[in-house]
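Below is one structure, written out as structure tokens; the observations come after it.
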Amino acid sequence: MSGTGQDATHEPGARAPRASDPEMPETPVTETETETAAIPYRFERTHSAAEVVEHWASLADGEESGVEVSVAGRVMLNRPQGRLAFAELRDWSGAIQLFALAKVTKDFDGLTRVNLGDWVGVRGEVVRTKRGELSVKVAEWSPLARARRGFGDKWRGVSDPEIRYRQREVDLWANESSRHILTLRSRLVKAMRERLWAAGFVEVETPILHPIAGGAAAKPFVTHHNALDADLYLRIAPELYLKRLVVGGFEKVFEIGRLFRNEGISPRHNPEFTTLELYQAYADYGDLMVLIEELVSGLAQDLLGTTTLSYQGRPLELAAPWRRATMVELITEHTGLKVDVHTPIDELRSAARAHGVTPDDSWGPGKILVEVYEKTTEAELWGPVFVMDYPAEVSPLARRHRDDLDLVERFEPVVAGRELANAFSELTDPDDQRARFEEQAAAHRAGDEEANEVDEDYLRALEYGLPPTAGFGLGIDRLTMLFSDVSNIREVIAFPTLRPEH
RNA sequence: GCGCCUCUAGCUCAACGGCAGAGCAACGGACUCUUAAUCCGCAGGUUUCGGGUUCGAAUCCCGAGGGGCGCACCA
């Protein structure tokens with residue numbers, strides 16, 4: 001804030017005028033204010049619940065440790081029993097029992113009246129009860145927050161998705177699996193960063209507000225900058241900026257961040273989602289296959305202690321190396337069709353119709369091929385498998401295949417029927433890139449909202465020289481789903497996008 | 001965007017054309033080793049909303065809204 005006048009709210013005693021001020025209506029002292037007055041500004045905690053459990057694991061039944069600790073958390077169960085009482089206190093680390101006795105616990109009656117969900121801080125000796133439960137024998141305690149609202153059924157918690165996702169704070173206290181999944185996600189991102197840093201990659205942040213939404217085929221969100229009086233787009237991919245950093249000399253670079261795509265919401269799609277996007281100079285897409293299979297299997301090892309997963313009841317082996325197969329090989333395997341980008345277009349069209357794909361007149365052979373692949377083959381691939389060599393027609397940013405100029409050196413690792421990433425040897429030729437942009441721009445003008453526009457800034461960067469480079473984007477939400485064995489993307493996002501309430 | 005399913009007390013669920021209920025939570029009480037403690041008491045509802053059929057609707061029908069799943073789109 002500016003330096004005009006003192007900040008009255010920081011002055012002790014300078015509270016809002018009360019009844020003494022004739023200008024102000026009389027403000028009664030509410031129950032809330034008296035409750036709040038009993039709540040300290042800080043609480044000196046000496047141990048987490050888990051630390052108590054670990055440190056005094058060998059305490060015998062009925063034994064007293066002689067050591068006093070302070071713990072804090074939310075009361076999840078409360079069992080007053082006349083002149084003694086038990087409660088379960090849960091904090092981030094776990095849970096510990098509170099044991100209170102009327103003759104030793106200060107404000108014993110108050111403690112027995114604590115509601116489920118209330119936060120309390122407790123000081124007392126670590127003991128184990130006669131029945132063998134490690135406990136803190138409460139000498140004194142303090143309320144830290146009252147739960148005015150309940151946390152659902154104390155045994156079943158809450159299961160209504162409306163509450164679970166809109167009021168995640170309730171879900172997280174009520175359902176251990178929700179806490180576990182979000183913690184796993186945090187550990188995954190941390191381990192991913194550590195592996196990439198160790199491999200010499202530099203982490204960067206590129207703009208989220210883009211003047212042109214490029215780097216992927218998707219509909220963007222539009223926003224407006226008032227001072228510039230310019231429309232800006234929330235990024236659909238960081239790809240073009242990251243490659244400009246490679247032009248600038250960042251030979252191994254990555255970004256972990258949020259992308260925004262203005263598309264439908266489904267159990268596998270959130271409008272904002274997180275990806276790892278990575279570029280490596282002097283490398284081609286073959287190098288990336290090794291990098292990805294080692295990264296993903298290594299993360300499984302880091303987080304789960306194994307590369308052998310079970311996903312939705314089916315076994316999934318992530319150990320490297322993963323199978324490598326071209327898209328046309330896989331189409332042939334799954335449909336018996338012997339087709340490729342050079343197959344006469346009429347033949348491709350009828351083959352597509354025979355497999356439930358209705359080709360649009362504007363589609364070339366490449367587009368038809370990809371549609372047939374996605375319709376017939378992709379969901380059947382359990383994998384992991386690297387699906388290689390996409391048609392150039394559908395890949396405007398990828399470099400043409402060294403053995404076939406109608407293909408590009410692109411692959412998608414498919415795991416459990418879903419693409420986990422998208423990777424290619426990057427197109428480095430500014431002239432070819434301009435030509436591909438022009439094709440996209442024509443499609444955009446013809447009504448394809450997902451087609452790219454010509455990005456002159458990016459073309460200029462390529463003219464300064466992009467060395468041979470390979471890069472990929474990998475969905476972190478999807479990877480977390482895989483590792484936590486859930487089928488709905490909302491489970492791995494703390495606050496998934498929902499229709500606004502009312 | 002389209003299709004199917006769903007919505008009952010704060011939470012989890014019964015009642016499925018005939019008086020809207022239970023457990024937990026909350027509230028009041030009993031209880032000196034509980035473990036989802038137990039026991040007694042009390043309170044809690046325009047059955048998501050709006051129409052319709054019927055002597056009678058939480059229940060059947062139509063519409064709206066929220067949610068779930070599938071399809072489409074995509075990662």
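Separating the CG atom of A:Asp160 from the P atom of B:rU6 is a distance of 16 Å, rounded to the nearest angstrom. Distance A:Leu381 CG to B:rA75 P: 16 Å, rounded to the nearest Å. Per the geometry, CG belonging to A:Asp61 stands 15 Å off P belonging to B:rC33, to the nearest Å. Counting to the nearest Å, the C1' atom of B:rC73 and the CD atom of A:Glu371 are 10 Å from each other.
Residues A:Phe254 and A:Leu242 have side chains not in contact (no heavy-atom distance under 4.5 Å, counting atoms from C-beta outward). Two residues are said to be in side-chain contact when any heavy atoms from C-beta on lie closer than 4.5 Å; A:Asn262 and A:Leu234 fail this criterion.
Across all strands, A:Arg149 comes closer than 4.0 Å to no nucleic acid atom at all (heavy-atom distances). Heavy atoms of A:Gly157 sit under 4.0 angstrom from primed sugar atoms or phosphate atoms, though from no base atom. Using a 4.0 Å heavy-atom criterion, one finds that A:Glu412 contacts no nucleic acid atom at all. The residue A:Asn262 sits apart from the nucleic acid: no heavy atom pair falls under 4.0 Å. Within the 4.0 angstrom heavy-atom criterion, no nucleotide atom of any strand lies near A:Asn422. Note on A:Leu474: nothing from the nucleic acid sits closer than 4.0 angstrom, heavy atoms only.
Within the structure, the side-chain hydrogen bond (donor to acceptor under 3.5 Å, both in side chains) test picks out the following pairs touching residues 365-374 of chain A (sequence neighbours left out): A:Lys367-A:Glu371.
With P as the reference atom, B:rA22 and B:rC42 are 12 Å apart, rounded to whole Å. Taking atom P on both B:rU48 and B:rG3, the two are 23 Å apart, rounded to the nearest angstrom. Taking the P atom of each, B:rA43 and B:rU53 are spaced 38 Å apart, rounded to whole Å. Here, B:rA75 and B:rU35 have their C1' atoms 46 Å apart, quoted to the whole Å.
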Reading nucleotides 39-49 of chain B 5' to 3', which nucleotides get B (base under 4.0 Å from a protein heavy atom), which S (sugar-phosphate only), which -? -----------
Return a single string for nucleotides 25-31 of chain B, one symbol per nucleotide in 5' to 3' order, where B is base contact, S is sugar-phosphate-only contact and - is none, cutoff 4.0 angstrom on heavy atoms. SSS---B
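A:Arg79 pairs by the salt bridge (Lys or Arg N to Asp or Glu O under 4.0 Å) definition with nothing, not counting sequence neighbours.
Phosphate proximity of B:rC33 to A:Arg79: absent, as no side-chain N or O sits under 4.0 Å from OP1 or OP2. Not one side-chain nitrogen or oxygen of A:Arg156 sits closer than 4.0 Å to the OP1 or OP2 atom of B:rA36.
Listed nucleotides B:rC33, B:rU12, B:rG66 differ in distance to A:Ser159; the shortest reach to its side chain belongs to B:rU12. Checking B:rA36, B:rC33, B:rU32 against the side-chain heavy atoms of A:Leu77 singles out B:rA36 as nearest.
Within residues 175-192 of chain A, no residue approaches RNA chain B, by heavy-atom distance under 4.0 Å.
With hydrogens and angles disregarded, no donor-acceptor distance shorter than 3.5 Å links the side chain of A:Asn270 to the backbone of A:Pro496.
Comparing A:Lys103 and A:Gly132 by the nucleotide of RNA chain B whose heavy atom lies nearest to each, the residue mapping closer to the 5' end is A:Lys103.
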For RNA chain B, the expected dot-bracket line (Watson-Crick or G-U under 3.5 Å, [ ] crossing, | inter-strand) is (((((((..((((....[..))))..((((.......))))......(((((..]....))))))))))))....
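Both thresholds, 5.5 Å between centres and 30° between ring planes, are not jointly met by A:Phe86 relative to the base of B:rA37, so the two rings are not stacked.
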